[in-house]
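Computed from a predicted model, the values in this text were never measured in an experiment. Just so it is clear: chains get the letters A, B, ... in the order the sequence lines come, proteins before strands, and each one is counted from 1. Keep in mind that the numbers below use all heavy atoms, side chains included, and drop hydrogens, waters and symmetry copies.
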2 protein chains.
Amino acid sequence: MTAARSAKRMEAALRAAGYRLTPQRAAILAYLAATGSHPSARQVYDEVRQTYPGLSLATVYNTLGILVKSGLLKVLEFELDNRYETNLTPHINLICTRCGKIQDLVAPLPISAEHLADKVGFQVLDYRMEYYGLCPDCQGRIKNRQSATKINKGEQYEQS
Amino acid sequence: MTAARSAKRMEAALRAAGYRLTPQRAAILAYLAATGSHPSARQVYDEVRQTYPGLSLATVYNTLGILVKSGLLKVLEFELDNRYETNLTPHINLICTRCGKIQDLVAPLPISAEHLADKVGFQVLDYRMEYYGLCPDCQGRIKNRQSATKINKGEQYEQS
DNA sequence: TATTAATCAATAATGATTATAAATCAATAA
DNA sequence: TTATTGATTTATAATCATTATTGATTAATA
Ligand SMILES: [Mn+2]
Ligand SMILES: [Mn+2]
Ligand SMILES: [Zn+2]
Ligand SMILES: [Zn+2]
């Protein structure tokens, strides 16, 4: 929706990086530009297939990998189902351990790259800031339905 | 080394959680309490086997899982090779994308759990704060040896 | 159109983690 | 001491997201 994530801009950046814009890639880009979520590769596959039925999962992985290499996308690595970050502006992700939803929270990073370089000697290239817990919806659900199931970070998310 | 990570305290906590303290578990606990690093399961296996040769990898995974469930250890999930966090006090991890080393940095978290609960309605249960980049050693190596190899977050770490 | 490189998609391979099941161990009672 | 019981360990197989491979197809360029 924003300029930074517009499909047109991503298409141009892809071409600038020397890649061709195929119909499959355009469809994936359009989905990524439109979504406000942090989808997994499988989610991208399932969603884009609704408008582009012939798409293969391998192409999804291939395209996502290209986008990451080109700096248009970030990966949040998890043990199962990596998630893809389309919002490249500095922010914190609030990750619900019950439903898997990831919500952006605009907030300053705790320490500046300059400080880390000067005081600790660490050269910052990237970051990942996450809080885990329960989103408003899931808090309500638990309060009401008094879920007997244990909610752990390692647990498989339920389908929304 | 600290009181929080002392082997004795971890042994007591394991027993309190209803688990037996076997020699294998004691050996793993001793290693975890002594190390200041953020080892992978394989690293724990390789290290502890030097003092306990019969140890199996399955037992390592089993024990690490028990420790996580008991709150004595945290997992940092990555696409390949999860890492285990023994320092349970709030801090930020500085992760070198070249050698894989993880260095603790004591610093306040960017936003308090209270603020998130009040203003955003998100109930914080855990967190993960990471900077990725180059540790001092690897900056030096790159400057000197002018590494032609690209350094990406997704790349396999070289062995130290 | 011919040439060439890039891409697609089906399939196989990879590899960390988890599940399974038989063997072993430890604690307790008879 | 010996038996019983259940937890634990171990070796092994299974799982499954991701990556690599490969032959066929497509696009770019002249
Ligand atoms: Mn985000
Ligand atoms: Mn740490
Ligand atoms: Zn939720
Ligand atoms: Zn390093």
J.: Taking only the side-chain heavy atoms of B/Y52 (C-beta and beyond), determine which of D/dA20, D/dT10, C/dT7 contains the nearest atom.
T.: D/dT10

J.: Would you check, one step at a time, whether the test side-chain hydrogen bond (donor to acceptor under 3.5 Å, both in side chains) holds for A/Y45 with A/R49?
T.: CA-CA 6 Å; A/Y45 177 67; A/R49 268 173 82 84; 3.0 Å; yes

J.: Please report, rounded to the nearest Å, how far the C1' atom of D/dA28 is from the CZ atom of A/R15.
T.: 12 Å

J.: Which part of the nucleic acid does A/G54 contact within heavy-atom distance under 4.0 Å: base, sugar-phosphate only, or nothing?
T.: sugar-phosphate

J.: Looking only at the side chain of A/T22 (C-beta and beyond, no hydrogens), which of the listed nucleotides D/dA17, D/dT9, C/dC8 gets closest?
T.: C/dC8

J.: Which nucleotide in the set D/dT9, D/dT18, C/dT17 lies at the smallest distance from any side-chain heavy atom of B/E79?
T.: D/dT18

J.: What is the distance, rounded to the nearest whole Å, between atom CZ of A/R49 and atom C1' of C/dA9?
T.: 11 Å

J.: Take B/R42 and B/R20, find for each the nucleotide of DNA chain C with the closest heavy atom, and name the residue whose nucleotide sits nearer the 5' end.
T.: B/R42

J.: Would you kindly give the CG-to-P distance between A/L55 and C/dT7, to the nearest whole Å?
T.: 15 Å

J.: Looking at D/dA11, C/dA10, C/dT17, which one has an atom nearest to any side-chain atom of B/Y61?
T.: C/dT17

J.: Output the rounded distance in Å from CG (A/L64) to P (C/dA9).
T.: 14 Å

J.: Just how far, in rounded Å, is P of D/dT22 from CG of A/N62?
T.: 16 Å

J.: Quick test of your reading of the model: are B/R83 and B/E85 salt-bridged, counting only N-O distances below 4.0 Å?
T.: no

J.: I need the CD1-P distance between B/I28 and D/dT8, as an integer number of Å.
T.: 13 Å

J.: Run the numbers on B/H38 and B/D104 for side-chain hydrogen bond (donor to acceptor under 3.5 Å, both in side chains), then give the verdict.
T.: CA-CA 10 Å; B/H38 301 68; B/D104 288 350; 3.0 Å; yes

J.: Using Watson-Crick or G-U wobble geometry with both distances under 3.5 Å, which nucleotide pairs with D/dT4?
T.: C/dA27

J.: Grab the NZ-P distance between A/K69 and C/dT7 for me, whole Å please.
T.: 10 Å

J.: Under 4.0 Å between a side-chain nitrogen and a carboxylate oxygen: does that hold for A/D137 and A/K101?
T.: yes

J.: When you measure from the side-chain N and O atoms of A/T59 to the phosphate of C/dA9, is any distance below 4.0 Å, counting only OP1 and OP2?
T.: yes

J.: Rounding to a whole Å, what distance do you find between B/Y19:OH and C/dA27:C1'?
T.: 19 Å

J.: From the list D/dT8, C/dA16, C/dT7, which nucleotide is the closest neighbour of the side chain of B/D81?
T.: C/dA16

J.: Indicate whether OP1 or OP2 belonging to C/dT7 is found under 4.0 Å from a side-chain N or O atom of A/Q24.
T.: no

J.: Determine the interplanar angle of the A/Y132 and A/F78 rings, folded into 0 to 90°, and report it as parallel if under 30°, tilted if 30 to 60°, perpendicular if over 60°.
T.: perpendicular

